[in-house]
Structure formats: C-alpha cells, structure tokens
Amino acid sequence: MAGARTRTYLSDGSCVGWYGDGDVVIDAELVDRPVPSALAARYGHERFWERWTAMECAAKLADVPVGRWLLRHGLDGRVESVLVHHRRLSTSRGSMVLAWAVPGGRRGRSETWSSRTKGSGDG
C-alpha cells in the first residue's frame, strides 16, 4: 500500500489502494454485507452501496465529514454534480464496489487504475 496515491478501508479492515494516474478520491465497500438497519430505514436498500460510495467520494472532494454531509445533503443530495465512476470487483473477501472521482468533475481514465487489497495485518 506504500505506493498507493490514495487508499480507503473496507468494513473488514482491509485496505484498497489507487495506483492510477492523477488526483483521485476513492471509496469501496463490500456489497455482500447487509445494509445497517438505521441507514436502510432512512435511505432504502436499492443500490445502497453504490449510492454510499458515490456520497463518500463527493464528501471527500468537498472535504466534509460523512456525518455532516448526510445531515446537510442526505445520501443522494448533490452527488449528481460530481462525476463518480463505479466498478464491481470480485475479491477473496467477496464482491466489492469501488467508486472514484476526480476534483473538478474531470473525467477519470478508468483504464489507468489498478487496485490491490491487503488485509490490515499484512503490513
């Protein structure tokens, strides 16, 4: 993970790193795990993890904590103004959705990225 331009952590403590070009924010979630009941009651189950990772990327670009973002904009609010890319990946830990966005809404080049997952205890 030392060479990653940026990284994010999954719910199981493993890390996903971005090794592509440019300024990028990322978020990833394991999609096989259940949506927390309080969040599901408020925001629904439909495409929850894709919507969550898009919101996380928007909050990171705005440099706003997720809790504050949710209070101000909700899960889907203002995310449409940010160009977020998604990719579903199969990993040894299960299915994962990876979202990435670039500052200023510029199109990221998805073919220039690679991701590696490493367990939190793997150094």
Side-chain angles (χ1 to χ4, degrees):
M1 286 296 141
R5 295 182 69 84
T6 189
R7 62 191 57 80
T8 189
Y9 291 88
L10 300 173
S11 59
D12 68 357
S14 60
C15 186
V16 177
W18 180 275
Y19 294 84
D21 295 335
D23 239 358
V24 176
V25 296
I26 65 171
D27 189 56
E29 297 291 345
L30 296 170
V31 297
D32 297 334
R33 70 184 182 106
V35 176
S37 58
L39 293 172
R42 179 169 278 189
Y43 302 113
H45 286 89
E46 186 176 345
R47 296 181 50 246
F48 179 84
W49 294 118
E50 288 85 354
R51 294 164 47 222
W52 181 267
T53 55
M55 179 276 304
E56 284 258 14
C57 285
K60 288 176 182 181
L61 284 175
D63 197 24
V64 173
V66 167
R68 184 171 295 151
W69 182 277
L70 288 170
L71 286 173
R72 289 182 181 170
H73 309 292
L75 185 60
D76 299 306
R78 296 188 53 191
V79 173
E80 67 278 352
S81 65
V82 176
L83 180 60
V84 177
H85 304 270
H86 282 99
R87 179 162 295 168
R88 275 191 178 249
L89 305 168
S90 292
T91 73
S92 61
R93 291 170 168 79
S95 291
M96 176 178 68
V97 62
L98 172 71
W100 69 99
V102 294
R106 299 183 314 268
R107 278 207 172 268
R109 292 184 35 206
S110 62
E111 67 275 13
T112 64
W113 75 273
S114 64
S115 68
R116 300 177 194 160
T117 58
K118 182 177 268 194
S120 59
D122 294 340

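Computed from a prediction, not measured in an experiment: that's the story for all the values here. Because only heavy atoms are used, hydrogens play no part in the values below, and waters and symmetry mates are left out as well, while side chains stay in.
Between V97 and H86 the shortest side-chain heavy-atom distance falls below 4.5 Å. In this structure the side chain of L39 reaches within 4.5 angstrom of the side chain of W52, judged on heavy atoms. The side-chain heavy atoms of R42 and L70, taken from C-beta on, include no pair separated by under 4.5 Å.
In this structure, the separation between NZ on K60 and OG1 on T6 is 6.5 Å, given to the nearest 0.5 Å. If you take CH2 on W69 and CG on L75, they are separated by 11.0 Å, rounding to the nearest 0.5 Å. Put simply, OG on S95 and CG on L89 are 9.0 Å apart, with the number rounded to the nearest 0.5 Å. Atom CG of D23 is separated from atom CZ of R5 by 7.0 Å, given to the nearest 0.5 angstrom. Expressed to the nearest 0.5 Å, how far OG1 of T53 lies from CZ of F48 amounts to 9.5 Å. Atom CZ of R93 is separated from atom CG of D32 by 13.5 Å, given to the nearest 0.5 angstrom.
Panel note: side chain R33, backbone S11; no donor-acceptor pair is recorded below 3.5 Å. Under a 3.5 Å cut-off, the side chain of R68 and the backbone N or O of A59 do not form any donor-acceptor pair.
Atom CG of D63 has 12 or fewer neighbouring heavy atoms from other residues, nucleotides or ligands inside a 6.0 Å radius.
Contact between A99 and C57 at its shortest, heavy atoms only, is O-SG, 3.6 Å. The heavy-atom pair separating A28 from L98 by the smallest distance is CB-CD1, 4.0 Å. Closest non-hydrogen pair, I26 versus G17, comes out as CD1-C, 4.3 Å. Taking both residues in full, the closest heavy atoms of G74 and M55 are given as O-CG, 4.3 Å, listed atom of the first, atom of the second, then distance.
For R88 and E50, the salt-bridge test passes: some basic side-chain N is under 4.0 Å from an acidic carboxylate O.
Between W100 and W18, the angle of the ring planes lies from 30° to 60°, which puts this pair in the tilted group.
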